[in-house]
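Reviewing the structure listed below.
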Number of protein chains: 2
Amino acid sequence: MLPSQKFTAAFSAAEETPRTLVENAYLALRQDIIEGKHLPGTRLRVEHLKDDYGVGAGTLREALSLLVSDALVYSEGQRGFWVSSISPEDLEDITRNRILLETEALRISIRTGTDEWEAGLMAAFHRLTKVEEKLNNSAQQFREWEERNRGFHEALIAACDSRWLRYLIGILYRQSERYRRFALGSDSKRNVHAEHQEIYDAAMSRDEKRACAALELHISTTLFVLREAPSSPSPPTQPPRRSKRDDLPPK
Amino acid sequence: MLPSQKFTAAFSAAEETPRTLVENAYLALRQDIIEGKHLPGTRLRVEHLKDDYGVGAGTLREALSLLVSDALVYSEGQRGFWVSSISPEDLEDITRNRILLETEALRISIRTGTDEWEAGLMAAFHRLTKVEEKLNNSAQQFREWEERNRGFHEALIAACDSRWLRYLIGILYRQSERYRRFALGSDSKRNVHAEHQEIYDAAMSRDEKRACAALELHISTTLFVLREAPSSPSPPTQPPRRSKRDDLPPK
DNA sequence: AAAAAGCAAAATCTCGAGAAAAAACAGGCA
DNA sequence: TGCCTGTTTTTTCTCGAGATTTTGCTTTTT
């Protein structure tokens, strides 16, 4: 997320207004990585990219440094930048920790949430419901759904007073978002809305245990679905090995 | 931590060998921030700092961007960089989440740790014990203790197979390290070694509940001690307000 | 007085070119 | 063929100077 919003916006959902070319390049690059325009494991050569994104080399380097903090880009001194690799193990790891952190945040939210929190959650759920009712498979629709889904999950934990917890959750959420894009459309048979409904109902009735269980199931199911996804690319190993042509790491 | 070591070294304790000027400046800056040479809330002016650290402006900017990911530096487009503020609330927040994450990691370690893990823990505890026995108040001693303490906490969770969990713990640990430096020497009356001993014993005897309880108490006590510390600086607010002289944010 | 507007100084942001390092390639040797 | 070695090419890393924005101070207005 934008450095200035690290602790304000949980999932950095809303208005990220770039004020400099660095931030501009950062947002564009992040979008392209999450959407898969730059495949996991591929090199990000500054010389080429600076033309694509219309900025100087130094500027692009700085944008890449920012992406390192989101763990979307990996770098090694004197050897350049890569798009972070993905793997089933990594996704499982992310999922496990998302459950740990998000259920904790939800627990706090339910315990301390005010009327404002309920109102926000209600609004976010409504927005999500509307787009889930008329869900076709267009890319535009998916992007809209992605945005509202993020809004719903953010609203769930909005009353959590721990800035750090929200910040850490944000990091993990964006990671899982990238995985989800790679399995686009493969979870058609799954009834996501029912899961959301259950979480929503439990949260609104302030039932901690039931809400957390529903949320855990929800996140776990995502892992299960993605694991079965046929479009999931072969897993390159994390640290780029020295090889002749390492546009794509070996294995 | 160094971008290339984000997921390898948990607390980035060991060999962080800078390969470029950027990494060099990053490590030097981080050291100076943690040790309090740059006070929380103060501006980090690129123009001045580039001379102090002997690098170009662009290089220093990149190093600062790296520090943003450690949440040690805050930045806002077109307005520059600041040392992240500290506050009692922030410390409490960090502590709460350290407990959540580190006890989880310890639980996993105890459950899955091999003989190798026990051996590593034993060695780390021995190193720590030796320095705690002859503890005077010299800065050199304290630095040595800090390093070995980090090693002990790292060894505790070394058998945790979740890279992400270790990574997140590392972020929080460095934050609390900064707070600890600000309260140097104020925990003289506390018997830290006894706490470490209890954690160690419980972990070695594979008693999950007892070990986690001891670790939680240990981390909590740190919060309590630091909260009482007289040398703790006044808490500046996180986002730098627009003020005439904001070398030190208001309040 | 307090607030708004205007001006000067400082700092940030940005780019392109040169130095240094790594990767790719080719040739020689067992 | 397989492996080491030296050369060429590509890429990263670094710096300094110029454009833009912000900031601080002074003056003017209500």
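Below, read A as the first sequence line, B as the second, and so on, with proteins coming before strands; counting in each chain starts at 1.
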Hey, does the side chain of [X] come within less than 4.0 Å of [N]'s phosphate (OP1/OP2), counting only N and O?
X        : N       : value
Arg79(A) : dT11(D) : no
His48(A) : dT10(D) : no
Arg19(B) : dA22(C) : yes

Listed nucleotide nearest any side-chain atom of Arg43(A), set dT14(D), dC13(D), dA23(C):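 Within the option list, the nearest is dA23(C).
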Which nucleotide in dT14(C), dA11(C), dT12(D) has an atom nearest any side-chain atom of Val22(A):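 For Val22(A), the side-chain atoms sit closest to dT14(C).
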Rounded to the nearest angstrom, tell me the gap between atom [atom1] in [X] and atom [atom2] in [N].
X        : N       : atom1 : atom2 : value
Asp51(A) : dT11(D) : CG    : P     : 12 Å
Phe81(B) : dT23(D) : CZ    : C1'   : 17 Å
Arg45(B) : dC13(C) : CZ    : P     : 13 Å
Glu47(B) : dT21(D) : CD    : P     : 17 Å
Glu23(B) : dA20(C) : CD    : P     : 18 Å
Leu21(B) : dA20(C) : CG    : C1'   : 11 Å
Lys50(B) : dC15(D) : NZ    : P     : 10 Å
Asn24(A) : dC13(C) : CG    : C1'   : 13 Å

Sugar-phosphate, base or nothing in reach of Leu49(A), heavy atoms under 4.0 Å: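 Leu49(A): no heavy atom of the nucleic acid under 4.0 Å.
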Sugar-phosphate only, base, or nothing, as touched by Gln78(B) at under 4.0 Å among non-hydrogen atoms: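 Contact class for Gln78(B): sugar-phosphate only.
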Positions of residues 55-66 of chain A (non-hydrogen atom under 4.0 Å from DNA chain C), listed by number: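 Val55(A), Gly56(A), Thr59(A), in order of number.
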Between CD1 on residue Ile157(B) and CD1 on residue Ile108(B), distance to nearest 0.5 Å: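 Rounded to the nearest 0.5 Å, the CD1-CD1 separation comes out at 9.5 Å.
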Arg150(B) with Glu154(B): basic N within carboxylate O range, under 4.0 Å: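 No.
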Under-4.0 Å salt bridge between Glu147(B) and Arg127(B):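 Salt bridge between Glu147(B) and Arg127(B), a charged N being under 4.0 Å from a carboxylate O: yes.
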Side-chain heavy atoms of Trp164(A) within contact of Asp90(B), under 4.5 Å: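 Touching, per the 4.5 Å side-chain cut-off.
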Partner set under ring pair (Phe, Tyr, Trp, His ring centres under 6.0 Å) for Phe152(B), not counting sequence neighbours: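 Per chain and number, Phe152(B) pairs via ring pair (Phe, Tyr, Trp, His ring centres under 6.0 Å) with Phe125(B), His196(B).
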With Arg178(A) via side-chain contact (heavy atoms from CB on, under 4.5 Å) - residues at least two apart: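 Listed in chain order: Ile33(A), Pro40(A), Leu72(A), Val83(A), Ser84(A), Ile86(A), Gln175(A), Phe182(A).
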Donor-acceptor side-chain pairing of Tyr167(A) and Asp93(B) below 3.5 angstrom: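 On atom types as modelled, these side chains do not qualify, holding no pair under 3.5 Å.
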